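We number each residue from 1, following the sequence as shown. Keep in mind the model is a prediction, meaning the values are calculated, not measured.
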Amino acid sequence: MAMSLCDDTLKCNFPKCRVNLYGFAWVTACSHAFCDRHGSGEFSRSPAACPACSSPLPGKLDIVRTELAPSEEYRAMVLSGLRPEVILDISTRALTFWSYQIHQEQMYQEYSLSRADAQVKQMEKILKQQKQNMELELTAMRGEISSMKKVMEEYRRQYSEVSERLMERNRQYQKLQGLYDSLRLRHMVVDVGERDAPLQQAHHHREYNRVVRPATPERSPAFLPVVPEADGCFFSCLEPDTAKTFFQLRSPIISHRERPYLKKH
């Protein structure tokens with residue numbers, strides 16, 4: 001932004017300073033102005049040179065430290081007694097200095113603006129390139145996402161098929177397990193029946209003998225008449241087992257008192 005003629009604030013022409021000038025300032029014959037800090041440091045050297053344009057300043061009045069806001073007494077007396085053409089010449093030189101400072105500030109602002117524009121264009125170019133790269137990456141990522149979706153759908157289909165096969169195998173396994181359990185139970189029943197069959201047969205045989213053909217001590221076996229072929233036998237029994245039982249009865253026991261006394265010779 002260019003300075004107007006009504007602006008009463010100058011800026012230090014020292015590179016990288018650019019502060020507003022207040023109080024005292026150092027002005028040169030080459031129409032440059034510097035702050036008190038940089039002017040005191042730069043113009044204390046010999047030979048003196050302008051820090052802005054490197055122009056030599058050998059004259060005694062080529063560098064002047066001036067007060068930017070002089071008092072009323074100074075203003076009243078500084079040009080007093082001078083001829084009008086001298087006053088106009090001094091005023092013209094002072095206005096020329098001010099115009100030069102304004103022009104320099106305008107040029108600096110334009111230069112800064114051009115640099116900013118160049119930086120903006122460079123940043124726009126970089127941003128455009130990054131945008132294109134991001135669009136390419138985004139397109140590639142969308143392709144990858146699409147391919148991953150296809151792969152995921154294929155995995156889901158395979159998972160569904162494997163799940164169905166697993167369920168079918170589980171059903172077959174449950175069916176075989178049921179058949180195995182029934183066969184094992186049947187085999188266990190058959191084994192128990194085979195082990196218990198002889199015992200049951202023996203038990204039934206004993207029951208049959210006890211119920212159908214009982215043999216009691218009170219009942220005498222039936223005898224048949226004596227036949228000639230008996231070979232000296234006096235009777236015969238129809239039932240051998242009964243006869244055996246009959247003859248296996250307890251014989252009477254002869255007591256010691258009832259035994260005949262035998263005399264020893």
For this session: Provide the full list of salt bridge (Lys or Arg N to Asp or Glu O under 4.0 Å) pairs with a residue in residues 129-138, sequence neighbours left out, each pair given once.
Result: none
For this session: Identify, with sequence neighbours excluded, every residue that meets salt bridge (Lys or Arg N to Asp or Glu O under 4.0 Å) alongside Glu144.
Result: none
Problem set entry | CZ (Arg171) with more than 12 external heavy atoms under 6.0 Å | yes
Problem set entry | Spatial distance of atom CE (Met134) from atom CG (Leu127) [nearest 0.5 Å] | 11.0 Å
Problem set entry | Residue pair Ala49 / Phe43: nearest heavy atoms and the distance that separates them | O-CE2, 3.7 Å
For this session: Measure from the side-chain N and O atoms of Gln101 to the backbone N and O of Leu10, and report whether any donor-acceptor pair falls under 3.5 Å.
Result: no
Exercise. Partners of Arg65 by side chain to side chain contact (heavy atoms under 4.5 Å, CB included), sequence neighbours excluded?
Worked result: Phe24, Trp26, Asp36
For this session: Would you indicate whether the side-chain heavy atoms of His38 and Cys35 approach each other to under 4.5 Å?
Result: yes
Exercise. Rounded to the nearest 0.5 Å, how far apart are CE of Met107 and CD of Gln104?
Worked result: 5.5 Å
For this session: Give every residue pair that meets the salt bridge (Lys or Arg N to Asp or Glu O under 4.0 Å) criterion with at least one member in residues 16-30, sequence neighbours excluded.
Result: Arg18-Glu105
For this session: List in chain and number order the residues that pass salt bridge (Lys or Arg N to Asp or Glu O under 4.0 Å) with Arg165, two or more places apart in sequence or in another chain; answer none if no residue qualifies.
Result: none
Problem set entry | side-chain contact (heavy atoms from CB on, under 4.5 Å) evaluation trace for Tyr22 with Thr9 | CA-CA 8 Å; Tyr22 296 101; Thr9 303; 4.2 Å; yes
Problem set entry | Test salt bridge (Lys or Arg N to Asp or Glu O under 4.0 Å) applied to Arg184 - qualifying residues, sequence neighbours left out | Asp181
Exercise. How far does CG of Leu179 sit from CD of Gln174, to the nearest 0.5 angstrom?
Worked result: 11.5 Å
For this session: Would you name the heavy atoms of Ile87 and Leu79 that are closest together and state the gap between them?
Result: CD1-O, 3.8 Å
Exercise. Do Tyr180 and Leu185 have side chains that get closer than 4.5 Å, going by heavy atoms?
Worked result: no
Problem set entry | Ring centres under 6.0 angstrom apart (His32, Tyr100) | yes
Exercise. Would you say Leu21 and Leu68 make side-chain contact, with heavy atoms under 4.5 Å?
Worked result: yes
Problem set entry | Distance, nearest 0.5 Å, that separates CG of Leu88 from CG of Leu82 | 11.0 Å
Exercise. Rounded to the nearest 0.5 Å, how far does OG of Ser40 lie from CZ of Phe34?
Worked result: 12.0 Å
For this session: Check whether Leu57 and Val64 end up in the same hydrophobic cluster, where Ile, Leu, Val, Met, Phe, Trp and Tyr are linked by side-chain heavy atoms less than 4.5 Å apart.
Result: no
For this session: Determine the minimum heavy-atom distance between Ala33 and Val27, stating which atoms define it.
Result: CB-CG1, 4.2 Å
For this session: Go through the structure and list residues passing salt bridge (Lys or Arg N to Asp or Glu O under 4.0 Å) with Glu154, not counting sequence neighbours.
Result: Arg157
Problem set entry | Contacts of type side chain to side chain donor-acceptor pair (under 3.5 Å), residue Asn20, not counting sequence neighbours | Lys11
Exercise. Has Met152 got more than 12 heavy atoms of other residues, nucleotides or ligands less than 6.0 Å from its CE?
Worked result: yes
Seminar exercise, completed: Hits for side chain to side chain contact (heavy atoms under 4.5 Å, CB included) against Arg142, two or more places apart or cross-chain, chain-then-number order -> Leu138
For this session: Rounded to the nearest 0.5 Å, what's the gap from OG on Ser182 to CZ on Arg186? Could you check?
Result: 6.0 Å
For this session: Run the numbers on Gln130 and Ile126 for side-chain contact (heavy atoms from CB on, under 4.5 Å), then give the verdict.
Result: CA-CA 6 Å; Gln130 291 181 353; Ile126 295 174; 3.6 Å; yes
Exercise. With a 4.5 Å limit on heavy-atom distance, are the side chains of Gln129 and Asn133 in contact?
Worked result: yes
For this session: Hey, could you give me each pair passing salt bridge (Lys or Arg N to Asp or Glu O under 4.0 Å) that has a residue in residues 43-58? Not counting sequence neighbours.
Result: Glu42-Arg45
Problem set entry | Min side-chain heavy-atom separation Phe14-Val19 under 4.5 Å | no
For this session: For Arg115, enumerate each residue passing the side chain to side chain donor-acceptor pair (under 3.5 Å) test, keeping only those at least two apart in sequence or located in another chain.
Result: none
Exercise. Going only through I, L, V, M, F, W and Y residues with side-chain contacts under 4.5 Å, is there a path from Ile90 to Val78?
Worked result: yes
For this session: Any pair with a residue in residues 86-103 that passes salt bridge (Lys or Arg N to Asp or Glu O under 4.0 Å), sequence neighbours left out, goes on the list, sorted by first then second residue, please.
Result: Asp89-Arg93
Exercise. Is there a salt bridge (charged side-chain N to carboxylate O under 4.0 Å, His left out) between Arg156 and Glu153 once you walk through the steps?
Worked result: CA-CA 5 Å; Arg156 286 180 178 176; Glu153 291 295 332; 3.5 Å; yes
